Amino acid sequence: MPTYITTPIYYVNAQPHLGHAYTTIITDTYSRFRRLAGDTVRFQTGTDEHGEKIAEAAAKADSSPRAYVDTIAALFQETWPLLNVQPDYIIRTTDANHVETVQRILDQVHRQGDIYFSEYAGLYCRGCERFLTDKELVEGKCPDHLVEPEPIAEQNYFFRMSKYQDWLIDHIKKHPEFITPERYRNEVLAFLDEPLEDLCISRPTSRLTWGIPLPFDRNFVTYVWFDALINYLTGIGYPDDPLFTEYWPVAEHVIAKDILKPHAIYWPTMLKSMGLEPFRRLHVHGYWNVDSTKMSKSLGNVIRPRELVEEYGVDPVRYFLLREMSFGLDASFSSDAILARQNADLANDLGNLFSRSLTMIGKYAQGRLPRLGTDLLQEGDRELQEALQHMATEYAAEMNAFRFHKALQKVWEVISLLNRYIVVNAPWELAKEPHQQARLQTVLALLGGSLWMIAVVLKPVMPETAEKMARALGMEEAFSSATLDKVGNWEAVPPEATLAEVPQLFPRMEKKKEAAAPPQGTKKAAASGLIDFAQFKALELRVAQVKAAQAVKKSDRLLKLTLNAPEERTVVAGIAQSYTPEELIDKKVVLVANLQPAKLMGIVSEGMVLAAKEPLEDGTERLRLLFVDPAMSPGSTIS
Ligand code: ME8
């Protein structure tokens with residue numbers, strides 16, 4: 001069976017980040033999975049290089065568009081090997097074969113009367129590179145770019161998208177798999193409840209020249225979305241290449257929710273107009289945030305794939321991204337979250353299971369995986385075998401449905417079962433009993449066979465780790481040609497393999513000290529005057545109660561406070577002109593608890609208390625302490 005799977009083609013106005021990495025890694029994983037299932041696969045990614053946004057970015061970088069797109073496209077291409085992503089074809093919309101395909105399609109659609117010339121006045125968002133309808137605006141602004149769109153009136157070419165509205169609704173309703181998860185299918189159907197407008201598909205060269213010229217009017221270039229979507233056809237040689245005949249009927253696209261409308265509405269209607277079948281499935285995922293905040297350049301919290309891989313290793317990154325995001329929903333990236341997965345799921349559950357099992361096979365079976373004697377199986381053994389068969393079926397179903405987090409959950413259920421199986425069967429005890437030797441060999445054979453199957457299902461997700469596992473099991477050769485149907489099939493476990501040295505699959509990782517490793521983006525954030533969430537969290541704010549207060553000798557500004565936080569703290573505060581010592585007793589204040597101690601008038605101050613200050617016209621200032629609700633106990637954290 002053929003599989004054709006694509007990522008969006010990424011704009012070259014920004015460097016690759018976590019979001020691009022995610023979409024491309026899941027597409028790579030899916031393509032590796034389909035290969036494992038026996039398909040011939042074509043996996044395509046690429047870069048979207050025309051349009052206003054790119055022209056503007058090039059101008060800002062003081063570069064010609066051509067030189068600029070070459071530089072950024074190369075950055076994307078260099079990123080994929082770092083993530084162990086192996087596309088079969090990387091397209092650039094500035095490639096000659098793409099320009100030719102776009103012009104051929106424009107000519108065809110124009111000739112058959114689906115493109116017309118007209119005047120249009122509307123509100124244009126430069127960020128979206130399209131006209132927005134009034135309904136899409138939130139408080140008069142584009143909800144994605146938070147800017148007021150500009151009123152623009154100009155003559156342009158239009159694609160008769162509205163003509164295909166009824167057909168599209170019908171197609172979506174008849175094919176539940178066309179757009180998934182269902183929430184996005186519903187979103188598209190709701191949008192199609194309203195009359196669809198025709199799509200403006202040109203830009204006058206007076207306003208923009210960095211685009212594909214319309215073949216029938218050289219005063220215009222093609223609108224970037226009409227150009228970009230066609231990449232999915234160019235890459236397989238539309239219309240004459242045999243690749244097109246083989247792969248178009250099975251085309252599947254992967255995108256995030258931001259570009260749902262062009263893919264679910266523009267693209268199928270364009271295809272219909274060309275007389276082609278629409279793609280088979282559109283898989284839509286949610287957005288990655290960072291520490292629960294939108295990732296953005298201005299916040300300085302953009303995560304770069306290269307830095308991630310350097311810090312955690314490629315397989316933990318791939319595993320984390322697939323496991324952590326419920327496909328279709330948003331997810332939050334944080335170094336705590338990835339460390340937790342690395343240590344618990346990988347180092348502990350899988351890594352320990354693997355090294356324990358192999359060490360025992362080394363010790364009690366002289367490093368050769370015993371053959372499984374079916375006559376000796378006990379109930380727990382059969383349960384384990386069934387669990388693996390079950391895992392194979394469920395894993396395949398979840399992977400096919402793009403529910404990667406669930407597919408991995410199924411695998412980890414078996415990993416937990418295997419860890420329990422070791423405890424229950426205690427091979428080290430069996431080894432002590434001469435009459436238990438046959439039993440011991442069965443337990444070891446089941447452990448080794450199970451690990452082989454786990455290596456096979458992990459191959460699409462963590463290719464390097466899976467190969468390391470197979471090598472250590474002495475099954476490298478069988479592994480390179482392994483197929484999914486071997487999982488759960490005990491006859492297919494490579495027989496009597498000789499184990500190699502036991503590797504450590506995943507090191508346990510410690511949280512880096514903030515001081516030693518400033519959070520990513522800190523430099524940029526500092527330049528913009530912003531701090532990121534991790535920097536804010538580095539402040540330890542606590543509720544403290546004033547137990548005693550007294551004036552500091554020879555100072556008319558300072559008071560010495562004794563605080564219950566709940567340990568006792570001495571803090572010297574410059575508040576003597578705003579408060580008498582008596583009025584502060586028992587008050588609850590905000591203490592900065594992790595400030596380095598400092599000596600003031602000979603007294604060591606262990607922190608500071610927070611106050612609001614307001615300059616007054618007479619040159620003095622009003623100062624009031626921040627008091628906390630008296631119901632809060634001393635020591636409560638403030639965040
Ligand atoms: O839209 N979380 O390109 P683009 C998850 N050129 N995924 C994210 C993400 C995030 N925070 N940010 C970006 C374009 N992505 C057009 C596409 S296709 C014919 C033309 C990923 O560079 C996600 O896949 O803005 C999203 O759909 C895509 O990058 C947008 O990339």
Side-chain angles (χ1 to χ4, degrees), residues 5-28 30 44-54 57 69 72-73 75-76 79-80 83 85 90-94 98 101-102 105 125-130 144-145 184 211-212 222-235 251-268 270-271 279 282-297 299 301-305 308 320-322 324-334 402 404:
I5 184 84
T6 67
T7 72
I9 46 169
Y10 304 113
Y11 283 131
V12 287
N13 63 343
Q15 297 187 18
H17 60 59
L18 175 69
H20 306 124
Y22 174 72
T23 315
T24 319
I25 287 172
I26 58 174
T27 310
D28 179 72
Y30 182 74
Q44 180 172 314
T45 185
T47 38
D48 191 354
E49 305 186 2
H50 290 126
E52 269 165 77
K53 257 199 273 212
I54 311 299
V69 299
I72 310 280
L75 288 181
F76 275 91
T79 300
W80 307 141
L83 299 172
V85 158
I90 299 181
I91 191 165
R92 298 181 56 185
T93 54
T94 46
H98 179 68
T101 310
V102 170
I105 288 171
C125 172
R126 285 182 182 275
C128 298
E129 293 210 32
R130 65 181 178 90
D144 288 337
H145 298 95
Y184 296 111
I212 299 180
T222 313
Y223 169 48
V224 68
W225 269 107
F226 199 92
D227 159 353
L229 288 160
I230 289 172
N231 91 84
Y232 302 132
L233 291 177
T234 308
E252 301 183 57
H253 304 310
V254 185
I255 59 165
K257 61 185 184 179
D258 56 334
I259 50 176
L260 177 61
K261 207 165 138 188
H263 281 83
I265 295 176
Y266 306 175
W267 184 221
M270 283 166 65
L271 289 163
F279 51 84
L282 178 66
H283 308 276
V284 190
H285 63 77
Y287 248 44
W288 278 98
N289 296 319
V290 174
D291 291 318
S292 306
T293 310
K294 195 177 156 136
M295 185 165 50
S296 86
K297 245 183 172 175
L299 289 179
N301 64 352
V302 177
I303 305 274
R304 301 289 172 206
L308 264 190
F320 171 79
L321 294 177
L322 288 155
E324 192 77 2
M325 178 175 260
S326 298
F327 194 86
L329 303 178
D330 291 353
S332 181
F333 177 89
S334 70
F402 267 65
F404 304 105

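Given the structure is predicted, the values throughout are model-derived calculations rather than measurements. When a ligand or atom number is given, it counts from 1 through the structure's own listing order. Values reported hereafter were calculated over all heavy atoms of this structure, with side chains retained and with hydrogens, waters and symmetry mates removed.
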Just say parallel, tilted or perpendicular for the rings of His283 and Phe327, cut-offs at 30° and 60°. perpendicular
Non-neighbouring partners of Ser296 that pass side-chain contact (heavy atoms from CB on, under 4.5 Å), sequence neighbours left out: Ser298, Leu299
If we set the cut-off at 4.0 Å for heavy atoms, which region of Thr7 has an atom near ligand 1: side chain, backbone, both, or neither? neither
Go through ligand 1 atom by atom and flag the ones less than 4.0 Å from a non-hydrogen atom of His20. 22 (O), 29 (O)
Non-hydrogen side-chain atoms of Phe333 and Leu308 separated by less than 4.5 Å: yes
All pairs passing side chain to side chain donor-acceptor pair (under 3.5 Å) where residues 18-27 contributes a residue, at least two apart: Tyr10-Thr24, Thr23-His285
How far is atom 17 (C) of ligand 1 from its nearest protein heavy atom, and which residue and atom name does that atom have? Ile9 O, 3.2 Å
Would Lys294 count as a contact of ligand 1 if the rule is a heavy atom under 4.0 Å away? no
For Ile259, take its heavy atoms, then give the atoms of ligand 1 lying under 4.0 Å from any of them. 1 (O), 17 (C), 27 (O)
Closest to atom 27 (O) of ligand 1 among protein heavy atoms sits Asp258 OD1, 2.8 Å
Closest heavy-atom contact between Pro8 and Val254? CD-O, 3.0 Å
I need the Ile303 CD1 to Asp291 CG distance, nearest 0.5 Å. 7.5 Å
Min side-chain heavy-atom separation Ile230-Met270 under 4.5 Å: yes
Residue, atom and distance of the protein heavy atom nearest atom 22 (O) of ligand 1 read Tyr11 N, 2.9 Å
From Leu282 atom CG to Phe402 atom CZ, the distance as rounded to the nearest 0.5 Å: 10.0 Å
For atom 8 (C) of ligand 1, the closest protein heavy atom turns out to be Gly19 CA, 3.3 Å
Ligand 1 atoms nearer than 4.0 angstrom to some heavy atom of Gly286 are 5 (C)
If you scan protein heavy atoms around atom 12 (N) of ligand 1, the nearest is His17 CE1, 3.3 Å
Proximity flag Trp225 to ligand 1, non-hydrogen atoms under 4.0 Å: yes
Side-chain contact test, heavy atoms from C-beta onward, threshold under 4.5 Å: evaluate it for Pro268 versus Phe279 and give yes or no. yes
Side chain to side chain contact (heavy atoms under 4.5 Å, CB included) between Trp225 and His263: does it pass, once the steps are laid out? CA-CA 10 Å; Trp225 269 107; His263 281 83; 3.8 Å; yes
Flag Ile255 as yes when one of its N or O atoms lies below 3.5 Å from any N or O atom of ligand 1, and as no otherwise. no
Ligand 1 atoms in contact with His285 (distance to a heavy atom under 4.0 Å): 5 (C), 7 (N), 24 (O)
Consider ligand 1: state whether an atom of it lies below 4.0 angstrom from any non-hydrogen atom of Tyr287. yes
Does a side-chain heavy-atom distance below 4.5 Å link Arg304 with Thr79? no
Checking a contact table here: which protein heavy atom is nearest atom 19 (C) of ligand 1, and how many Å away? Tyr232 OH, 3.5 Å
Answer side chain, backbone, both or neither: which part of Lys257 comes under 4.0 Å from ligand 1, heavy atoms only. neither
Counting non-hydrogen protein atoms only, what is the nearest one to atom 2 (N) of ligand 1? Give residue, atom name and distance. Trp288 N, 2.9 Å
Which residue supplies the protein heavy atom nearest to atom 24 (O) of ligand 1, what is that atom called, and how far is it? Thr23 OG1, 2.7 Å
Which atoms from ligand 1 have a heavy atom of Asp48 less than 4.0 Å away? 6 (N), 16 (C), 20 (C)
Of all heavy-atom pairs linking Gly286 and Ala256, the shortest is O-CB, 4.1 Å
